[in-house]
Amino acid sequence: MIQPILEIQNLSINFCTEAGVIKAVDGISFGLDQGETLGLVGESGCGKSVTALSILKLIPTPPGRITVDQIRWKERDLTKIPLPDLIKLRGQEISIIFQEPLTSFNPVQRIGVQISEVLKIHSNLSKQALKDAIIQALGKVGIPNPVRQFEAYPHELSGGMRQRAMIAMALICKPQLVIADEPTTALDVTIQAQILELLQDLQAENHMSLLMITHNLGIVAEIAQRVAVMYAGKIVEIASVGEIFKNPMHPYTEGLLRSIPNPLNTGDLYAIPGMIPDPLHLPDGCYFAPRCERAMDVCRLQRPELMTKSAGHSVACWLWA
């Protein structure tokens, strides 16, 4: 049996606030194989981004508190390695493409200077060699005139160019895993398609794994092999992309698929009824039960666990118990 390159077991993330403890992530587990793309899907606020940040301990503690059985990267448990070793691993073996490059980049430093900081940590290149490597990386991600853009400030680039620069920073050390946190959210559809194509090309070239965090199932259909659907901090369904689109088992997954705009449908756009639960006052049973049109009495009283229903397809729903 092939061992996943990344394996997370029973991850929970809480945030202590004046109003109480917020359960951002509630006991999730998943794995990622070498060269695979896994889509982590769900509405805003479901815990996708904090899950990604927890892998490299990028959540400030306090107010955050991470509890996990294991985050295994290849043969190492990232929860047990010293911080200096983790810093060396960040960027070199595992990189993150952050959600909004305009706020992720330092606005008063030039793009080239910021990307060079990554290379300085992980290499002993000379100043000129650093500059040459960064200009080459900027050109590789499709930024025109990379010599000029090396000297540009973030606000001088368009949204698409900033995202490409963020991708260049994430891939400059050729990591084995890239975590892409909604890398196309603020971009128009044409630029979105270009960024996704770029990620796929770079993934194939570098043989890297990709954890794609998004709320857009259209992106998942195009780029991922497997999908993990999150709701209110829990994974409610995991399956291959084909299986999710052909045979969704959780009512929340069905709702997400029905919410995808269809140009042939002239009626009203479907929306899942209700609102996501208040993280300070989560329901006793299934978190989705207050919004579920098929909820039963047991759904409101007892929380379902993730159950394997077929090869590679698991769901947390009492409809399939």
**Request:** Please check if the side chain of K48 supplies one atom and the backbone of E43 the other of a donor-acceptor pair under 3.5 Å.
**Result:** yes
**Prompt:** Taking only residues two or more places apart in sequence or in another chain, which ones pass side chain to side chain contact (heavy atoms under 4.5 Å, CB included) with C173?
**Reply:** V118, L119, H122
**Asked** Where the side chain of E36 meets the backbone of S209, is there a donor-acceptor pair that is under 3.5 Å apart?
**Response** no
**Request:** Return the minimal non-hydrogen interatomic distance between I235 and I28, and the atom names on each side.
**Result:** N-CG2, 3.7 Å
**Fill in**
Minimal heavy-atom distance between M249 and W320, with the atoms involved, is O-NE1, 2.7 Å
**Item:** Under the side chain to side chain donor-acceptor pair (under 3.5 Å) test, residues paired with R162 that sit two or more places apart
**Value:** none
**Prompt:** I87: what forms a side chain to side chain contact (heavy atoms under 4.5 Å, CB included) with it, not counting sequence neighbours?
**Reply:** L83, R90
**Prompt:** Do we see a donor-acceptor contact under 3.5 Å between the side chains of R72 and Q9?
**Reply:** no
**Asked** Under 3.5 Å, side chain of Q163 to main-chain N/O of P183, donor-acceptor pair present?
**Response** yes
**Prompt:** Do F288 and V236 have side chains that get closer than 4.5 Å, going by heavy atoms?
**Reply:** no
**Request:** Please answer whether the main-chain N or O of Q302 pairs with a side-chain N or O of W318 as donor and acceptor at a distance below 3.5 Å.
**Result:** yes
**Message:** If I take atom CE from residue M208 and atom CG from residue L171, how far apart are they, to the nearest 0.5 angstrom?
**Reply:** 5.0 Å
**Asked** Ignoring hydrogens and geometry, is there a side-chain-to-backbone donor-acceptor pair from R300 to G285 under 3.5 Å?
**Response** no
**Item:** Residue pair L38, L6: steps toward the side chain to side chain contact (heavy atoms under 4.5 Å, CB included) verdict
**Value:** CA-CA 11 Å; L38 173 68; L6 174 73; over 6 Å; no
**Asked** Minimum heavy-atom separation for P290 to P283, with atom names?
**Response** CG-CG, 4.0 Å
**Asked** Are a donor atom and an acceptor atom from the side chains of D132 and Q136 found within less than 3.5 Å of each other?
**Response** no
**Prompt:** When the ring planes of H250 and Y252 are compared, do they come out parallel, tilted or perpendicular, using 30° and 60° as the limits?
**Reply:** perpendicular
**Asked** In terms of hydrophobic clusters joined by side-chain contacts under 4.5 Å, are L196 and V241 together?
**Response** no
**Asked** Testing I55, V178, T51 for side chain to side chain contact (heavy atoms under 4.5 Å, CB included) with L211, which one passes?
**Response** I55
**Heavy-atom donor-acceptor pair, E222 side chain to A193 backbone, under 3.5 Å** = no
**Message:** Just by distance, no angles: are the side chains of D77 and T79 close enough, under 3.5 Å, to form a donor-acceptor pair?
**Reply:** yes
**Complete:** Closest non-hydrogen contact found for I111 with Q149 is CB-O, 3.9 Å
**Item:** I260 side, atom CD1; Y270 side, atom OH - distance, nearest 0.5 Å
**Value:** 12.5 Å
**Request:** Report yes or no: does E237 contribute a side-chain atom to a donor-acceptor pair with the main-chain N or O of P248 at less than 3.5 Å?
**Result:** no
**Asked** Which distance, rounded to the nearest 0.5 Å, do you find between the CD1 of I5 and the CD of E75?
**Response** 10.0 Å
**Prompt:** Has the side chain of S12 got a donor or acceptor atom that lies under 3.5 Å from a matching backbone atom of G27?
**Reply:** yes
**Prompt:** Between the side chain of R164 and the main-chain N/O of V141, is any donor-acceptor distance below 3.5 Å?
**Reply:** yes
**P154 side chain reached by Q114 side chain, heavy atoms, under 4.5 Å** = yes
**Prompt:** What about I96 and I13, same hydrophobic cluster or not, with Ile/Leu/Val/Met/Phe/Trp/Tyr joined at side-chain heavy-atom distances under 4.5 Å?
**Reply:** yes
**Fill in**
Nearest heavy-atom approach of A321 to M307 is CA-SD, 4.0 Å
**Message:** Would you say L257 ends up clustered with M212 if hydrophobic residues are merged whenever their side chains have heavy atoms under 4.5 Å apart, either directly or through other cluster members?
**Reply:** no
**Side-chain ion pair, E243 and K309, N-O less than 4.0 Å** = no
**Asked** Do E293 and P273 come close enough that some side-chain heavy atom pair is under 4.5 Å?
**Response** yes
**Asked** What distance separates M166 CE from I195 CD1, expressed to the nearest 0.5 Å?
**Response** 11.5 Å
**Message:** With heavy-atom distances below 4.5 Å as the criterion, would you say the side chains of V50 and F15 are in contact?
**Reply:** yes
**Item:** Set of residues satisfying side chain to side chain contact (heavy atoms under 4.5 Å, CB included) with respect to K174, sequence neighbours excluded
**Value:** N206
**Prompt:** How close do A133 and I172 get, heavy atom to heavy atom, and via which atoms?
**Reply:** O-CD1, 3.9 Å
**Fill in**
Residues at least two apart in sequence or cross-chain that pass side chain to side chain donor-acceptor pair (under 3.5 Å) with S104, listed by chain then number, are none
**Item:** hydrophobic_cluster_shared for V41 and Y287, side chain cutoff 4.5 Å
**Value:** yes
**Asked** What distance separates L130 CG from L125 CG, expressed to the nearest 0.5 Å?
**Response** 5.0 Å
**Message:** Run V227 and F245 through side chain to side chain contact (heavy atoms under 4.5 Å, CB included) and show every step you take.
**Reply:** CA-CA 10 Å; V227 188; F245 278 81; 5.6 Å; no
**Message:** For the CD1 atom of I66 and the CD1 atom of I71, what is their distance to the nearest 0.5 Å?
**Reply:** 6.5 Å
**Message:** Tell me if a side-chain donor or acceptor on T17 pairs with a main-chain N or O of G20 at a distance below 3.5 Å.
**Reply:** yes
**Request:** Treat each ILVMFWY residue as a node, draw an edge where side-chain heavy atoms are under 4.5 Å apart, and state whether L53 and L40 are in one component.
**Result:** yes
**Request:** Tell me, please, which residues at least two apart from K23 pass salt bridge (Lys or Arg N to Asp or Glu O under 4.0 Å).
**Result:** none
